[in-house]
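Below is one structure, written out as structure tokens; the observations come after it.
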Amino acid sequence: MNQTLIPPRYRLRVKQRLAIVEYVLEHGVKPASRRFGLERKTIRRWRDRWRAEGLAGLVPRYPAQRPSRLSPELVALIEHARRVLEYGAPRYSD
């Protein structure tokens, strides 16, 4: 396995996905989904990306930063309430 393409934090996950893909190539998608408890759609996606891109296709594709559900204005108001007005959980100083 070429480690230069894979970020260190994803190496174990890529190794696991590669083992699943190898199982798929030998036994098929349906038996692999039963054995590993994954959806067939997920396994097919990994297999197809592995065929197209090699190991780089098995690297997880998480969003860089998940979008916030709160607007920046609301976050600023919450910070003001907590820091200046001291709202929130009570803090005890010992």
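Remember, it's a predicted structure, so these values are computed and weren't measured experimentally.
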Looking only at heavy atoms, the pair that brings R11 and I6 closest together is NE-O, 3.4 Å
Listed partners of S68 passing side-chain hydrogen bond (donor to acceptor under 3.5 Å, both in side chains), at least two apart: none
Which pairs pass side-chain hydrogen bond (donor to acceptor under 3.5 Å, both in side chains) with one or both residues in residues 74-84, sequence neighbours excluded? none
Tightest non-hydrogen contact, residues L58 and V14, listed as O-CG2, 3.7 Å
List the steps and the verdict of side-chain contact (heavy atoms from CB on, under 4.5 Å) for L25 and R51. CA-CA 11 Å; L25 296 177; R51 284 180 177 166; 3.9 Å; yes
Identify, with sequence neighbours excluded, every residue that meets side-chain hydrogen bond (donor to acceptor under 3.5 Å, both in side chains) alongside E53. R61
Less than 3.5 Å apart, which donor and acceptor atoms pair up between the side chains of residues 26-49 and the rest of the protein, not counting sequence neighbours?
from: S33; atom 1: OG; to: K30; atom 2: O; distance (Å): 2.7
from: R49; atom 1: NE; to: G57; atom 2: O; distance (Å): 2.8
from: R49; atom 1: NH2; to: G57; atom 2: O; distance (Å): 3.2

Any chain of hydrophobic side-chain contacts (each under 4.5 Å) joining Y62 to L55? yes
Suppose clustering is done on Ile, Leu, Val, Met, Phe, Trp and Tyr with side-chain heavy atoms closer than 4.5 Å. Which residues sit in the same group as V75? L70, L74, I78
Checking Y87 now: which residues fulfil side-chain hydrogen bond (donor to acceptor under 3.5 Å, both in side chains) with it, not counting sequence neighbours? none
